[in-house]
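Supplied in structure tokens, the structure appears directly below.
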Amino acid sequence: MSKKPVILVTRRLSDEVQQRLSNDYEPIFNSDDHVFSKSELIEKCQNVDGVLPCHSEVFSSDVIAALPARLKVIANHSVGVDHVDLVAAKDKGIIVTNTPDVLSDATAEIAILCMLAAARRGSEGDRMMRAGAWDFWSPAFMVGVQVTGKRFGIIGMGRVGQVTAERARGFGMEVHYHNRRRLDKVEEKGAIFHDSVDGLLGHADVLSLHCPVTPDTSGFMTTEKFDLLPDSAIFVNTARGALVDEEALVAALRSGKLFAAGLDVYRDEPGGNPELAALDNVFMLPHIGSATRDTRIAMGFRAIDNLDAVFAGHEPKDRVA
Ligand code: DGY
């Protein structure tokens, strides 16, 4: 019997996923689920044929340069791949895959949760109740923004963007979007295309980011961009914190340019941004967009499908480099 490929699994995955890995591979698990330091990541990769990481492991060009020749594949347990230097991996002949599609519903749900909680002051109300500080009611109390009939602006109309658009339509919102390519009429489902980010921003009562971080999009939400939004807009980010200049976001929330923000992702993770956390008009979650039982299993299985293809000598379905 030929030896099973050795796979480094950097984080604790669901039982079903770990079982499948144990059946088909020789996995090396991270029993206490700690985040590897850069040197530990490099060291642990030395005697493996593949690695199944999450976005918490950064494969920068120097890490990739230190990977052994036997390591064939980085099969990510994430749709985002901004933690991997794809050019360096490609140059070294390492296959990189991700897990698209399977997390679109879960992430769209979190985007809508962020929107609604921001619009209806969810964080403020929750904290008031927990503090036992609810001592007043009037029609003028805790008045928020109703999203019905408002314009929902999406930057990045890929799979997650499209599902989120569908959910927003369910709230009676008009969908506007910017994407590198215009969708066809069937995919658009009536959404209004804007051929530039700046063109979209003035039409977004709610702006929701669904684009990847690339050299072009890194930090693109600056003060100038926030200023282009309608006054009292709502900002939602479930994509990546690195898309946003967080100082500009804090300023827009403090000045009232933004009514509120709903955030699942931050420049610094884990941890977040204490200046954002200090603001009443921010609803915050700890990067849990895809954190449902069903989706975690589906992500793990999709990553294993990609490993299976690579070790069977086939092209993996979700190859990104
Ligand atoms: C993703 O898949 O990119 C999510 O952010 C979780 O890593």
Side-chain angles (χ1 to χ4, degrees), residues 1-100 102-103 212-215 218 240 242 268-270 287 290 296-321:
M1 205 177 84
S2 64
K3 262 180 78 49
K4 293 175 179 174
V6 180
I7 306 296
L8 174 66
V9 183
T10 62
R11 306 305 303 272
R12 169 98 183 115
L13 303 179
S14 46
D15 290 345
E16 293 83 345
V17 174
Q18 297 206 164
Q19 188 57 57
R20 188 172 150 193
L21 282 162
S22 299
N23 292 345
D24 300 343
Y25 293 93
E26 208 179 292
I28 299 173
F29 292 124
N30 173 0
S31 53
D32 65 1
D33 202 13
H34 68 285
V35 180
F36 295 156
S37 65
K38 186 195 248 189
S39 56
E40 192 179 8
L41 179 62
I42 293 172
E43 186 225 301
K44 291 209 182 284
C45 282
Q46 290 313 303
N47 296 307
V48 302
D49 304 297
V51 55
L52 197 165
C54 295
H55 75 263
S56 46
E57 285 68 57
V58 177
F59 285 87
S60 49
S61 57
D62 52 336
V63 171
I64 287 177
L67 298 178
R70 76 180 261 194
L71 194 150
K72 280 196 169 65
V73 54
I74 300 174
N76 289 291
H77 184 280
S78 65
V79 66
V81 287
D82 47 296
H83 57 289
V84 181
D85 187 323
L86 297 180
V87 174
K90 192 161 182 233
D91 288 350
K92 202 172 158 114
I94 295 175
I95 295 171
V96 182
T97 61
N98 70 344
T99 57
V102 291
L103 44 63
V213 180
T214 65
S218 179
R240 284 290 184 267
D268 296 323
E269 295 185 11
H287 199 149
S290 53
R296 286 288 182 251
I297 294 172
M299 289 170 77
F301 280 10
R302 186 93 175 212
I304 299 174
D305 290 347
N306 287 317
L307 285 176
D308 290 351
V310 170
F311 290 106
H314 303 139
E315 183 68 9
K317 189 167 168 195
D318 306 312
R319 185 171 186 163
V320 292

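Just so it is clear, the values below take in all heavy atoms, side chains as well, and ignore hydrogens, waters and symmetry mates.
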Could you walk me through whether R296 and E16 pass the side chain to side chain contact (heavy atoms under 4.5 Å, CB included) test, one step at a time?
CA-CA 10 Å; R296 286 288 182 251; E16 293 83 345; over 6 Å; no
What closest approach, in Å, do S78 and M299 show between heavy atoms, and which atom pair accounts for it?
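Heavy-atom minimum between the residues: CA-CE, 3.9 Å.
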Looking at R302 and D318, is any side-chain nitrogen of the basic one under 4.0 Å from a carboxylate oxygen of the acidic one?
yes
Ion pair check, R20 and D308, cut-off under 4.0 Å
yes
OG1/T97 to CG/L52 distance, rounded to the nearest 0.5 angstrom?
7.5 Å
Kindly give the heavy-atom pair with the smallest separation between C45 and L8, and that separation in Å.
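Closest pair (atom of C45, atom of L8, distance): SG-CD2, 3.9 Å.
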Should C54 and N76 count as side-chain neighbours, where that means a heavy-atom distance under 4.5 Å?
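Sidechains of N76 and C54: no contact.
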Looking only at non-hydrogen atoms, find the nearest pair between Q46 and A66 and report the distance.
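Answer, listing the atom of Q46 first, then A66: NE2-O, 3.0 Å.
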So, taking the atom named CD in E40 and the one named OG1 in T10, what distance separates them when rounded to the nearest 0.5 Å?
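These two atoms lie 10.5 Å from each other.
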Indicate yes or no: at least one non-hydrogen side-chain atom of L21 is less than 4.5 angstrom from one of L13.
yes
Distance from D85 atom CG to S61 atom OG, nearest 0.5 Å?
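Rounded to the nearest 0.5 Å, the CG-OG separation comes out at 5.0 Å.
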Could you pull out the closest heavy-atom pair between I94 and L71, with the gap in Å?
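It is CG1-O, 3.7 Å.
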So, for R70 and V6, which heavy atoms are closest and what is the spacing to 0.1 Å?
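Smallest heavy-atom distance, with atoms named: NH2-CG2, 3.7 Å.
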Rounded to the nearest 0.5 Å, what separation is found between the CG atom of D305 and the NZ atom of K317?
7.5 Å
Parallel, tilted or perpendicular, as decided by the 30° and 60° cut-offs, for the rings of H83 and H55
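Judged by the thresholds at 30° and 60°, the geometry between H55 and H83 is perpendicular.
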Are F311 and K72 side-chain neighbours, meaning at least one heavy-atom pair lies under 4.5 Å?
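Result yes, sub-4.5 Å side-chain heavy-atom pair found.
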Could you grab the distance from atom OG of S22 to atom NZ of K4, nearest 0.5 Å is fine?
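Rounded to the nearest 0.5 Å, the OG-NZ separation comes to 8.5 Å.
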What is the distance from atom CG of N30 to atom CZ of R11, rounded to the nearest 0.5 Å?
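Here the interatomic distance stands at 6.5 Å.
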On a heavy-atom basis, which atom in S60 and which in K38 lie closest, and how many Å separate them?
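Minimum heavy-atom contact is OG-CE, 4.1 Å.
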Verify whether one side chain among D15 and Q19 offers a donor that lies under 3.5 Å from an acceptor in the other.
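There is no such pair between these side chains.
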Would I304 and Y25 count as a side chain to side chain contact (heavy atoms under 4.5 Å, CB included) here? Give the steps.
CA-CA 10 Å; I304 299 174; Y25 293 93; 4.1 Å; yes
What verdict does the side chain to side chain contact (heavy atoms under 4.5 Å, CB included) test give for E43 and F36, after you've listed the backbone C-alpha separation in whole Å, the side-chain angles of each residue and the deciding distance to 0.1 Å?
CA-CA 10 Å; E43 186 225 301; F36 295 156; over 6 Å; no
Evaluate the side-chain proximity of V73 to N306: yes if any heavy-atom separation is below 4.5 Å, no if none is.
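No, side chains not in contact.
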Partner of L41 under side chain to side chain contact (heavy atoms under 4.5 Å, CB included), picked from L67, V58, V63, is V63
